Amino acid sequence: MRSSTRSAAALGALAALAAAAPGCGPAPGGGTVFADATEACGLDFVHYNGATGELYLPEIMGSGCAFLDHDQDGDLDIYAVQGALLGEGKTYEQSLFPPRERPPRSRLFRNELATRGGTAGAGKLRFTDVTDASGAGGTGFGMGCAVGDYDNDGDPDLYVTRFGPNVLYENAGGTFRDVTDAAGVGDPRFSASAAFLDYDRDGLLDLFVASYVDFTTATHRRCTRLGGLPDYCGPGSYSPVPDRLYRNAGGGAFRDVTAAVGIDRRYFNGLGVACADFDGDGWIDIFVANDATPNQLWLNRRGERFEDTAVAAGVAVNADGRAEAGMGVAAGDYDRDGDLDLFITHEVQETNTLYRCLGPEAFEDATAAAGLGVPSLPYSGFGTRWFDYDNDGWLDLFAANGAVRRLPGPASDPHPFRQPDQLFHSEGGRFVETTASSGLDGSRPLAGRGTAFGDVDNDGDVDLLVSNNTGPLKLYLNNVGSRRGWLRVELRGTRSNRDGYGARVAVHLEDGVVLWQSAGTDGSYASASDPRLHFGLGDALRAERVVVRWPAGGAEAWEDVPANAQVLLVEGQGKPVE
């Protein structure tokens, strides 16, 4: 096997360090799946939604978060997106939930797991607030974020969506600078999720931005719920606005190609975004989960135009023909048949919906058959992802829950939107809810929104970062996954974009099982996850081979890859395959 610099030995050392250092990780053999390590790890971020009693729509929709290795030291740092005060003439003293700092700002936390200063063993899993030095502590009403190395210089850049205008931060060796105006991507509208993708296969990451509705505080409407009590309006009270696709023109500039590729021809209330090659033709497509309006599946026609095929493909509406409150989206091969399936989170009294892929451009609503319908009815879901939390080789599911309309309860409760999150374990493609034994703090629910997924302590399993509306950012460390085999794949493009976004990676095991994933940080809701691909291997001690189909074209294989390690696969260094 040929891999490169950050290989099994290097990451194995970090994993050993995480286990040995007096950090904030869960004790081995703990009784729950996840342990709340937020306070112990030094994370003290609390979301501020700007509410003063006016019930402005953006207040209830934010916000997201991200895992990213901003300083390229081999461990995942954390970015938390913050809200802002809304309304002309309003003051912080009128806030229902006053912010901790004024003005409130987004925050960047550096992971201290990696060894620093040349002192072996000095690192431990703990976070330091480096917002001031980083340049990424922007103000304004943040909604979410996307992460990608758009200039191919070796460090991840950051795009923050807002209740207008959005901001692009260029990363220059661990510090950020606002390059929004020069890049031309400061969309002033109400944006939600965004994603970096290379839609034209030129090796440069482009940018897709999901737009929600045409809302301003000046056009705010008064809405009520049953009984005539004031409540937040739904998206139907406002007109939708078109999503945006920006083509990376190089040299730090983007060009708005929304109209040129046809994405402005059809638009709804965009919230969730997932980019991958859904039809297997080698070109990256775009799926948009729309709120209370039909979803969209934009198939990429060789980088020249996009065609919305959601209706024909069976993913626009559910099996009953109803458009649902699409918020978060997950794309993954949950049934191990070699294609991407879709999972969308929805509102109270709507099930979350699983669309199983039957072949190119064809899906069926498999929600009930998979056991995912009834358990989701009482909740409003946001951040979500397919991920193998116990490393048994089958993709499980997580959904962050939190209402968007007032829940029944005391009228004196200023934030009646809290709901427990949910965890589902795959039993070979059918799901069983395991929330009760998961350690996800269901006894003290919050209003869950964005969720990022990644191995923050480098110990071989996937951890959770959950952003909560008007609540604390939560870090849940995985306590069970590393008991089974795993493989973590880091990609390095040479002809393709540097981090290989859009690559299809297949792990072949000796028993004939093939596990595959699509590379990228998007999906979930308004959040960005670990760019490294994590595969649970069960009892396997090795992968027979790993095949990468690069987004620029061509496929390569690496043979006899050991389990329980991270490997760096560099485009051009594998064995070419058909």
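From a predicted model like this one, the values you see are computed outputs, not experimental measurements. We number each residue from 1, following the sequence as shown. Hydrogens, waters and symmetry mates are skipped; everything else that's a heavy atom, side chains included, is used.
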Partner of Arg532 by side chain to side chain donor-acceptor pair (under 3.5 Å), out of Asn458, Asp455, Asp499, Asp69: Asn458
All ring pair (Phe, Tyr, Trp, His ring centres under 6.0 Å) counterparts of Phe382, not counting sequence neighbours: Tyr525
Residue list, ring pair (Phe, Tyr, Trp, His ring centres under 6.0 Å) with Trp386, at least two apart or on another chain: Tyr334, Phe343, Phe431
Proximity of Tyr212 and Tyr238 rings by center, below 6.0 Å: no
Aromatic contact, Phe398 with Tyr389 (centres under 6.0 Å): no
Sequence-distant partners of Glu170, side chain to side chain contact (heavy atoms under 4.5 Å, CB included), two or more places apart: Tyr150, Asp151, Asp157, Arg177, Val179
All side chain to side chain contact (heavy atoms under 4.5 Å, CB included) counterparts of Asp178, not counting sequence neighbours: Val167, Tyr169, Thr180
With Asp337 via side-chain hydrogen bond (donor to acceptor under 3.5 Å, both in side chains) - residues at least two apart: none
Electrostatic pair Asp73:Arg110 at N-O distance under 4.0 angstrom: no
Sidechain-backbone polar pair: Asn352 side chain, His346 backbone, donor-acceptor under 3.5 Å: yes
Pair listing, salt bridge (Lys or Arg N to Asp or Glu O under 4.0 Å) test, anchored in residues 264-275, at least two apart: Arg266-Asp308
pair Val273-Ile286: side-chain heavy atoms closer than 4.5 Å: yes
